[in-house]
Number of protein chains: 2
Amino acid sequence: MNLLSYGLLGMVAREESSGYDLMLKIQPYWQAKHSQIYPLLSRMEEKNLLSSRWIQQSDKPDKKMYGITEHGREILQEWMLSHLSAPVTRDELSLRLFCLWLTEEEGARRMVAERKRHFLERIDYFESLLASRPQHTPTFGSPEFGEFILIQKGLMNARAGLEWCQMVLGMIPREGTTSLQEKLVSSI
Amino acid sequence: MNLLSYGLLGMVAREESSGYDLMLKIQPYWQAKHSQIYPLLSRMEEKNLLSSRWIQQSDKPDKKMYGITEHGREILQEWMLSHLSAPVTRDELSLRLFCLWLTEEEGARRMVAERKRHFLERIDYFESLLASRPQHTPTFGSPEFGEFILIQKGLMNARAGLEWCQMVLGMIPREGTTSLQEKLVSSI
DNA sequence: ACTTGCATGTAACTTGTTACATGATTTA
DNA sequence: TAAATCATGTAACAAGTTACATGCAAGT
């Protein structure tokens with residue numbers, strides 16, 4: 001059982017879901033493709049952590065809804081008490097910064113601007129999630145609490161990223177902005 | 001050529017390094033083990049992106065220093081101009097928050113406290129990096145600039161994470177703090 | 001005596017991505 | 001008419017982790 005499997009198990013524990021549902025819901029926090037999720041769900045059913053039933057739909061394709069079993073819930077509880085592993089981030093931008101000195105102002109600005117767009121999109125997404133739920137802050141113990149602080153986690157992270165982008169864009173001179181003095185110095 | 005390979009190539013472009021050096025330097029930004037790095041460096045040498053030479057050492061084991069080739073530099077330049085991919089984060093904590101309602105206050109607090117320690121450690125690390133380099137802010141174009149904003153990236157991210165932890169710890173009631181009224185309500 | 005750091009590598013395995021495969025309905 | 005959404009799955013491949021393997025020097 002890997003971390004993704006536990007995550008899926010936990011989501012099913014909250015509400016019965018199809019693989020497709022789970023994929024969409026988990027995407028913003030853990031980038032997993034359907035080709036990874038479907039086999040995991042099958043294996044978890046074999047291990048008796050999940051049960052499934054087919055739901056016929058008229059307009060859309062039929063779907064397989066998964067629910068958690070008693071055994072699944074026990075395993076889930078154990079996981080929640082086990083040691084928490086450190087987050088893993090792999091960001092191409094970090095690698096590129098090691099050799100940023102190889103690029104011109106324009107290239108560097110383009111890169112950071114692209115990342116800025118990414119964060120703005122994420123902020124939009126998380127804010128729309130917040131807007132589509134009860135106004136009052138949920139209290140600990142309710143299922144809404146976990147979801148609320150999860151959204152806050154994404155939001156605060158994206159805002160920090162945006163701030164960084166703006167700081168950096170402020171530090172890279174726009175081309176054509178170089179002063180006469182600097183040009184003279186760099187031409188030596 | 002994967003992202004990690006480009007990252008290593010970029011680091012070698014800055015200064016000649018051994019696989020061991022690269023592993024240590026890249027760790028805080030991209031968690032790669034030596035068992036992944038060594039074969040990548042070998043393959044990049046085969047492709048004529050890197051060249052290597054053995055350095056004998058008396059007190060420590062000998063080491064293989066890699067330098068970038070002309071061809072390597074060209075490939076690196078191309079990469080810097082190509083499309084930047086989105087960052088990928090896999091955080092067990094995010095998955096756990098989906099089913100936080102399964103745990104008690106104590107378990108939840110422990111989890112967040114553990115994460116808080118993680119961020120405090122990272123902040124310490126990045127601040128020590130800042131302290132061990134020239135006081136004045138580097139300007140765009142110098143190799144120090146990229147490294148400076150990379151450290152800032154890690155720092156701002158870790159600070160945002162810490163802030164989130166503190167917000168959440170403030171929202172989870174400490175056990176024994178529950179009011180009489182709440183106890184009566186929850187006992188129904 | 002034991003562990004940590006330095007230093008390099010391979011083998012077996014797990015995890016994650018891309019591509020293949022199907023097919024109806026809705027929207028542009 | 002083309003693309004996107006819904007919906008499930010498999011196969012081949014790439015990326016990343018864990019374990020195995022060696023060995024010396026310095027510190028605890």
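A quick note: this is a predicted structure, and the numbers were derived from the prediction, not measured. The chains referred to below are lettered A, B, ... by the order of the sequence lines, with proteins before strands, and numbering in each begins at 1.
The nearest whole Å value for the distance from the CG atom in B:Leu41 to the P atom in C:dT10 is 12 Å. Atoms CD (B:Gln27) and C1' (C:dG5) sit 14 Å apart, rounded to a whole Å. Counting to the nearest Å, the C1' atom of D:dT8 and the CD1 atom of A:Ile37 are 12 Å from each other. Across the protein-nucleic acid pair, A:Asp21 atom CG and D:dC6 atom P stand 10 Å apart, rounded to whole Å. Rounding to whole angstrom units, CG of residue A:Leu3 and C1' of D:dG16 are separated by 14 Å. Taking atom CG of B:Leu40 as the reference point, atom P of D:dA15 lies 8 Å away to the nearest angstrom. When rounded to the nearest whole Å, the span between CE of A:Met23 and C1' of C:dT17 equals 14 Å. For B:Leu8 and D:dA15, the CG to C1' distance is 13 Å, given to the nearest whole Å.
Proximity note for A:Leu24 (side chain, C-beta onward) versus D:dC6, D:dG9, D:dG16: the nearest is D:dC6. Here the side chain of B:Trp54 is nearest to one of D:dA7, C:dT8, D:dG9, namely C:dT8. With D:dT17, D:dC6, C:dT18 as the choices, the nucleotide that has an atom nearest any side-chain atom of B:Ser35 turns out to be D:dT17. Taking the side chain of B:Tyr38 as heavy atoms from C-beta on, and the options C:dT10, C:dG23, C:dT8, the nearest nucleotide is C:dT8.
Dashed line: the shortest gap from a side-chain N or O of B:Gln36 to OP1 or OP2 of D:dG16 is under 4.0 Å. Taking 4.0 angstrom as the limit, A:Arg90 places a side-chain polar atom (N or O) nearer than this to OP1 or OP2 of D:dG16. The shortest distance between the side-chain N/O atoms of B:Asn2 and the OP1/OP2 oxygens of D:dA15 is below 4.0 Å. For D:dA7, one of the phosphate oxygens OP1 or OP2 lies less than 4.0 angstrom from a side-chain nitrogen or oxygen of A:Gln57. Between B:Lys64 and C:dG9, a side-chain N or O to OP1/OP2 separation shorter than 4.0 Å is present.
Checking side-chain atoms of B:Gln31 against main-chain N and O of A:Val88 turns up no donor-acceptor pair under 3.5 Å. With B:Arg109 contributing its side chain and B:Leu169 its backbone, the two residues share a donor-acceptor pair below 3.5 Å.
Using a 4.0 Å heavy-atom cutoff across all strands shown, B:Ser42 reaches no nucleic acid atom at all. B:Lys33 comes within 4.0 angstrom of a nucleotide base, judged by non-hydrogen atoms across all strands.
Sequence order on DNA chain C of the closest nucleotides to A:Arg43 and B:His34 puts B:His34 first from the 5' end.
Applying the 3.5 Å distance criterion, the base of D:dT8 shares no donor-acceptor pair with the side chain of A:Ser18.
Within 6.0 Å of CD in A:Gln27 there are more than 12 heavy atoms belonging to other residues, nucleotides or ligands.
Classification of B:Arg110 and B:Glu106 as a salt-bridged pair holds, one side-chain N sitting under 4.0 Å from a carboxylate O.
You'll find the side chain of B:Tyr20 stays beyond 4.5 Å of the side chain of B:His34, heavy atoms only. With a 4.5 Å cut-off on side-chain heavy atoms, B:Leu130 and B:Phe126 do not count as touching.
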